[in-house]
Amino acid sequence: MVVAYTAHAQQRDSVAMSIDVEQITVTGDKRVVTEADRYGNISINPKQLISMPRIAGSVDIVRALQFSPGVLVSKQGDSSIYVRGSDAGQNLTLLNNAPVYSPSHLFGFFSVFNSAHISGATFLKSSIPAQYGSALSSIMDIRTNSYIPQKFGIEGNIGLIEADLALQIPLNKRGAIFLSARHSYISWLTAAMSKSNMNIMYEFGDFGATYVQDLGKVGKLVVNSHFNNDMVDADLSLYDSVARLNWWDSTSSAVLSTSFGKGVTMENTIYATIFKNMFEANLIGNNFWTPTSITDIGAKHITTWSREKFELSGGFDYAYRRIQPQNMLSTIYTQNIESGNLQITHEAALFASILYKPWQHLELDGGIRLSMYSIDRNEFYDFEPRVMVAVPFGNNARIWAAYNKTVQYLQLIPQSNASFATDFYMGSTSAHPPMVSHCASLGYSQSALKGSLRWSVELFYRQMYNVLEFDARLNTMLSTSYDINDYIYSGIGEAYGAEFMVSYSHPKFDVQAHYTLSRSLRNFRELNQGKPFASSSDRPHNLSFTATYRPIKQLDISATFLYATGGAYTAPTAIHMVGGAFLKEYGAYNGARMPDFHRLDLSATYWFKSKRFQRNGINISIYNVYARRNPMFLSWRVAEDEEMDNTYNITEGQPVLFEILPSISWTFKF
């Protein structure tokens, strides 16, 4: 069993990871999410995802992040992750060093990555090395398979909603191709299981191809291409409207890893990413659509020099970015998209870091990142220091402290108050400067019983500047005088909390629990009368629990439980009739809470004995076992009373995507 945690503990030496990952083998560890590594970051083992409860028969690498300390659960229907008080757009997902702007399919049940196509993934949030930039709070670093298989192989899963397939094809002793594909085929299940006033038809698919070539002394070349597409048709009878949401993401990269001997390695990457999103709707007879897109072309270089007591690394990266922020176009009024807000940006950085171990009980890790960003003849320069100090205690305990300054130039504008709308990207400008974060953390971890029992605690504090809020109602966006910049506000943010983890591993069962106690606050001069308010990602209490039991060799039984405080939102306090139309009067900004979120999932997989298959099993899963009604959002409908004239009834709606969802699937590998 190849364990990604062992390979990715050396994340700074990405060359060693890509070359040696298939040679590092550990037995007995069945955990999907590992404990914090020496930098306080965590890794996910895609090879063990099959032991987790499945949704509609599928296992998923990004969904596993929900069971990680510091990663907060949002609400049903939200595919984003929220890390240590951050917003959704303050995280960055990388696939072989290339950015992926839509890492999840709709509702967050599926990521766009096939776990059989992935060698490992590292989630960085505590001590982020200087080689990573363009993200305020976290990095998800995903690497595809890069080994040369000895024989042809097929791996797949067929479930109720989707089917996926992965192939490994050796070309010769030095070359191989990996292919993976997934497609949904019964979107009617989404509508059939929904108990809301929405009829949703949904289709998605993704495809990945990786070419690996061993070039001998030159190194190893990994060329990867990934494409994913989503399409949603929604009949929102609650609002007398219909809508379509279509988006796709294409990511391609070429990574050349070279080893020069004597501890010197080099990695060079070129990549291109295209992301496009189109939201179309008909609202009470009026058509409107909101196109948005991003095109990235970039390169990255890193050289690492390792010795017994220290490791030096340095390099540079560059990205040319063409951004089309969201424009509201309608049959009522159409803005000129070409002469509007198209943005051309350049982002570059030089970085260097050192890991030094002067003696056994002290580790020093420092780095600097000098970043540059330009847009419309405006230039921004930032100095981003990173530092970590760790003190090991014997062989089973360690304490560490870390500080990171991170700067983000690409900004995701959160449309938190618009129902069934899409977020969109914009580049930083003089009106909305780059976001800046100062984050400090202090952690302690320990293990006992020969590593079977592990626990950790980590405290964090983050101060953020130039964070954004978008506050525009749909009727405002349809106005002829609508200008995006008039409704984007910039302010400061603060987040702090404590993360706790405990896990126990046994040949028969594995148990892991995480609890996060935290707050995330914002302060904007233009919002909430200048008073601090809870951010949309504020979840004071967040609990996750996973357990896997193997009573016999052929049977896996698992359960997961999630609980989180309901998210903050701006609630209406009164509804008035003005000129025959109903207008809502709103209370304090983000002054109300959604109902608390909690859900239990169960899963059982029976593995058949077969000489033909390496793996052959039937999985039965139940999503949301006790049918908890976790709403996607809250709404209020005003309707005239059919029995009493001039009387109107106001009803609160809590649209729910799934109350309970059983599934059965067949998983195989040969």
Side-chain angles (χ1 to χ4, degrees), residues 1 30-33 44-67 104-105 107-118 153-167 180-187 189-190 192-193 204-206 508-512 544-562 599-627 657-670:
M1 179 185 70
K30 298 290 186 179
R31 294 169 300 157
V32 174
V33 180
I44 296 175
N45 183 358
K47 307 303 179 184
Q48 294 303 318
L49 287 173
I50 58 175
S51 66
M52 291 192 70
R54 305 176 178 219
I55 296 178
S58 175
V59 295
D60 195 87
I61 191 169
V62 174
R63 194 166 66 241
L65 280 178
Q66 293 181 342
F67 306 97
S104 295
H105 293 296
F107 309 134
F109 292 155
F110 308 94
S111 77
V112 300
F113 309 110
N114 190 316
S115 60
H117 203 123
I118 297 171
I154 301 178
E155 184 173 354
N157 181 81
I158 301 176
L160 290 178
I161 287 181
E162 60 85 30
D164 57 77
L165 187 71
L167 306 177
S180 64
R182 170 169 42 191
H183 187 70
S184 63
Y185 43 81
I186 47 175
S187 61
L189 183 62
T190 307
M193 297 300 296
F204 67 86
D206 48 64
K508 287 286 187 179
F509 63 89
D510 297 284
V511 179
Q512 193 167 84
S544 67
F545 175 83
T546 64
T548 301
Y549 176 52
R550 294 172 289 275
I552 59 176
K553 185 178 181 180
Q554 295 171 261
L555 180 63
D556 291 337
I557 301 173
S558 56
T560 60
F561 176 77
L562 292 169
R599 190 187 79 230
L600 173 67
D601 303 332
L602 297 178
S603 178
T605 304
Y606 183 82
W607 303 102
F608 299 101
K609 294 181 179 180
S610 175
K611 294 182 179 180
R612 177 178 300 180
F613 293 87
Q614 294 184 37
R615 184 170 68 237
N616 179 23
I618 294 293
N619 172 267
I620 298 176
S621 297
I622 303 178
Y623 169 85
N624 199 11
V625 173
Y626 53 85
L657 184 62
F658 295 127
E659 285 191 12
I660 186 171
L661 179 61
S663 66
I664 184 171
S665 65
W666 173 46
T667 181
F668 57 90
K669 181 179 181 180
F670 61 88

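The first residue in the sequence is number 1, and the count goes up from there. Computation of the quantities below employed the complete heavy-atom set of this structure, encompassing side-chain atoms and omitting hydrogens, waters and symmetry-equivalent molecules.
Looking at every heavy atom in both residues, Arg182 comes nearest to Val112 through NH2-C, 3.7 Å. Here the closest heavy-atom approach between residue Ala181 and residue Asn114 is recorded as O-ND2, 4.1 Å. Of all non-hydrogen atoms in Ile660 and Val625, the two that sit nearest each other are CD1-O, 3.4 Å. Here the closest heavy-atom approach between residue Pro551 and residue Lys508 is recorded as O-NZ, 2.9 Å. Nearest heavy-atom pair, Phe509 versus Arg550, reported as atom, atom and distance to 0.1 Å: N-NH2, 3.8 Å. Nearest approach of Gly159 to Ser665, heavy atoms of both residues: CA-CB, 3.7 Å.
Taking CG of Asp206 as the start and CD of Glu162 as the end, the distance is 8.5 Å to the nearest 0.5 Å. From Ser111, atom OG reaches atom CD1 of Ile118 across 6.5 Å, with rounding to the nearest 0.5 Å.
Under the side chain to side chain contact (heavy atoms under 4.5 Å, CB included) criterion, Ala163 pairs with Ile158, Tyr185, sequence neighbours left out. In this structure Phe670 satisfies the side chain to side chain contact (heavy atoms under 4.5 Å, CB included) test together with Ile154, Phe613, Phe668, sequence neighbours excluded. Partners of Phe608 under the side chain to side chain contact (heavy atoms under 4.5 Å, CB included) rule, at least two apart in sequence or in another chain, are Tyr606, Asn616, Ile618. When the ring pair (Phe, Tyr, Trp, His ring centres under 6.0 Å) test is applied to Phe204, the partners found at least two apart in sequence or on another chain are His105, Phe110, Tyr202.
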For a side chain to side chain contact (heavy atoms under 4.5 Å, CB included) check, start with the C-alpha distance between Glu155 and Gln614, then their side-chain angles and the critical distance, and finish with the verdict.
CA-CA 9 Å; Glu155 184 173 354; Gln614 294 184 37; over 6 Å; no
Give the C-alpha distance, both sets of side-chain angles, the deciding distance and a yes or no for side chain to side chain contact (heavy atoms under 4.5 Å, CB included) between Val511 and Phe545.
CA-CA 8 Å; Val511 179; Phe545 175 83; 3.4 Å; yes
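Between Ser558 and the choices Leu602, Thr548, Asn619, Thr605, the side chain to side chain contact (heavy atoms under 4.5 Å, CB included) rule is met once, by Thr548.
By the 4.5 Å heavy-atom criterion applied to side chains, Trp607 and Thr667 are counted as neighbours.
Side-chain N or O atoms of Asp601 include one that pairs as donor or acceptor with a backbone N or O of Asn624 at under 3.5 Å.
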